[in-house]
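Structure first, then comments.
Position 1 is the first residue of the sequence, and the numbers go up from there.
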Amino acid sequence: MITFEQISHNEQIRTYIRKEDEALRVLGFTEHSFPHVTKVARESGEILTALGYPARLAELARIAGYLHDIGNVVNRIDHAQSGAVMAFRLLDNLGMDAEEIATIISAIGNHDESTAAPVNPVAAALILADKSDVRRSRVRNQDPSTFDIHDRVNYAVESAKTSISQDKATFTLEIVINTEISSVMDYFEIFLDRMRLCYRAAETLKLHFHLIINHQVVL
């Protein structure tokens with residue numbers, strides 16, 4: 001079986017991750033390189049593990065998380081679908097089982113909020129992990145006077161953490177925002193569609209989605 005370890009050390013895959021992030025840097029997007037995809041991979045697997053899904057499915061979630069943004073090397077538009085096609089070719093060439101490839105590419109192809117849907121548990125875990133990665137260190141622009149709203153909102157996030165309740169009933173994203181940098185309303189202007197998607201993803205995993213901002217329950 002193809003493992004996450006093999007995927008994360010595959011130099012061809014690592015090249016695509018480097019190149020997609022280079023393209024997004026030119027376009028002015030936040031960091032989408034190894035810190036992001038590694039975090040998403042880890043947390044996607046941890047979500048399914050915490051909920052008692054089979055270890056192999058959690059491994060597929062880690063692989064999907066690591067590969068989910070490679071389509072940005074083609075174009076930001078429809079990058080989820082481009083990434084799914086690229087992942088199919090890569091995984092097929094590595095000899096992965098067709099059933100497992102189908103699960104992974106369905107998750108990758110359904111992670112972007114413009115077309116996303118939690119079509120399987122791997123997709124749901126990927127959505128929750130990806131959309132929860134909001135942090136100051138993803139902002140490339142070092143000049144606050146030139147921040148656009150995306151830079152400002154990400155830079156304002158002082159901490160963001162996720163958790164699953166002990167009774168496995170609730171997934172919580174808890175964020176602390178410095179409101180001197182960005183307002184809570186700015187956060188919602190940028191991330192409302194993502195939070196709605198997280199709500200649907202949590203439902204797929206039979207969870208309630210809670211969003212807490214500055215110690216206040218918002219969703």
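Between His79 and His32, the ring center distance fails the sub-6.0 Å criterion.
The backbone N or O of Arg200 sits less than 3.5 Å from a side-chain atom of Thr204, completing a donor-acceptor pair. For Arg25 (side chain) and Thr30 (main-chain N/O), no donor-acceptor pair under 3.5 Å exists by modelled atom type. A distance-only check finds a donor-acceptor pair linking the side chain of His68 to the backbone of Gly65 [under 3.5 Å]. At distances below 3.5 Å, not a single donor-acceptor pair connects side-chain atoms of Asp130 with backbone N or O atoms of Leu126. Here the side chain of Gln6 pairs a donor or acceptor atom with the backbone of Thr3 at under 3.5 angstrom. Judged by distance alone, with hydrogens and angles left aside, the side-chain atoms of Asn110 form a donor-acceptor pair with the main-chain N or O of Ser106 at under 3.5 Å. Judged by distance alone, the side chain of Ser182 and the main-chain N or O of Asp186 form no donor-acceptor pair under 3.5 Å.
Residues Glu22 and Arg18 are not paired through a salt bridge, judged by the lack of any N-O separation under 4.0 Å between the basic side chain and the carboxylate. Look at Asp92 and Arg89 and you find no salt bridge, because none of the NZ, NE, NH1 or NH2 atoms lies under 4.0 Å from a carboxylate O. Between Glu59 and Arg62, at least one side-chain N (NZ, or NE/NH1/NH2) sits under 4.0 Å from a carboxylate O, which counts as a salt bridge. Here Arg140 pairs with Asp21 in a salt bridge; the nearest charged N to carboxylate O distance falls below 4.0 Å. Between Glu113 and Arg196 there is no salt bridge, since no side-chain N of the basic residue sits under 4.0 Å from a carboxylate O of the acidic one. Salt-bridge check for Arg135 with Glu31: passed, with a basic side-chain N closer than 4.0 Å to an acidic carboxylate O.
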| task | Would you sort out whether Phe171 and Ser132 count as a side-chain contact (heavy atoms from CB on, under 4.5 Å), showing the intermediate values? | result | CA-CA 11 Å; Phe171 179 94; Ser132 298; 4.1 Å; yes
| task | Check the pair Met195 / Tyr187 against side-chain contact (heavy atoms from CB on, under 4.5 Å), numbers first and verdict last. | result | CA-CA 10 Å; Met195 295 304 97; Tyr187 179 88; 3.8 Å; yes
| request: Apply the test side-chain contact (heavy atoms from CB on, under 4.5 Å) to residues Met86 and Val74: give CA-CA distance (whole Å), side-chain angles for both, the deciding distance (0.1 Å), then the verdict. | output: CA-CA 10 Å; Met86 290 175 66; Val74 178; 4.0 Å; yes
| message | Apply side-chain contact (heavy atoms from CB on, under 4.5 Å) to residues Arg76 and Leu24 and explain how you reach the verdict. | response | CA-CA 8 Å; Arg76 179 64 181 173; Leu24 292 182; 3.9 Å; yes
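There is a path of hydrophobic side-chain contacts, each under 4.5 Å, that joins Phe88 to Leu60.
If you check the side chains of Gln81 and Thr115, you find a donor sitting under 3.5 Å from an acceptor. Side-chain atoms of Arg194 and Tyr199 include no donor-acceptor pair closer than 3.5 Å. Using modelled atom types and a 3.5 Å distance limit, the side chains of Gln12 and Tyr16 yield a donor-acceptor pair. Side-chain contact annotation: Thr179 with Asn214, donor-acceptor N/O pair under 3.5 Å absent.
Between Thr170 and Asp167, the shortest heavy-atom distance links the atoms N-OD1, 4.4 Å. Nearest heavy atom pair, residue Ser44 against residue Ala61, reads CB-O, 3.6 Å. Of all heavy-atom pairs between Ser8 and Tyr66, the closest is O-OH, 3.3 Å. Ile101 and Met96 get closest at one heavy-atom pair: CD1-O, 3.5 Å. The two residues Ala64 and Ala107 come nearest to each other via the heavy atoms CB-CB, 4.3 Å. Among all heavy-atom pairs drawn from Leu57 and Thr103, the shortest one is CD1-CG2, 4.5 Å.
Under a cutoff of 6.0 Å and an axis angle of 45°, Arg152 and Phe147 do not form a cation-pi pair.
With a 6.0 Å radius and a threshold of 12 heavy atoms from other residues, nucleotides or ligands, Leu94 has its CG atom above the threshold.
Side-chain contact check for Leu51 versus Lys168: some heavy-atom pair is nearer than 4.5 Å. Using a 4.5 Å heavy-atom cutoff, the side chains of Leu173 and Ile212 are not in contact. Side-chain atoms of Val40 and Asp69, non-hydrogen and from C-beta on, never get closer than 4.5 Å to each other. Using a 4.5 Å heavy-atom threshold, the side chains of Ile164 and Glu46 count as separate. Between Ile213 and Phe188, the closest side-chain pair of non-hydrogen atoms falls below 4.5 Å. Looking only at side-chain heavy atoms (C-beta outward), Leu205 and Leu128 come within less than 4.5 Å of each other. Side-chain contact between His9 and Arg14: absent, with no pair of heavy atoms (C-beta onward) separated by less than 4.5 Å. The closest side-chain heavy-atom distance from Ile177 to Val153 is not below 4.5 Å.
Rounded to the nearest 0.5 angstrom, Leu192 CG and Leu211 CG are separated by 10.0 Å.
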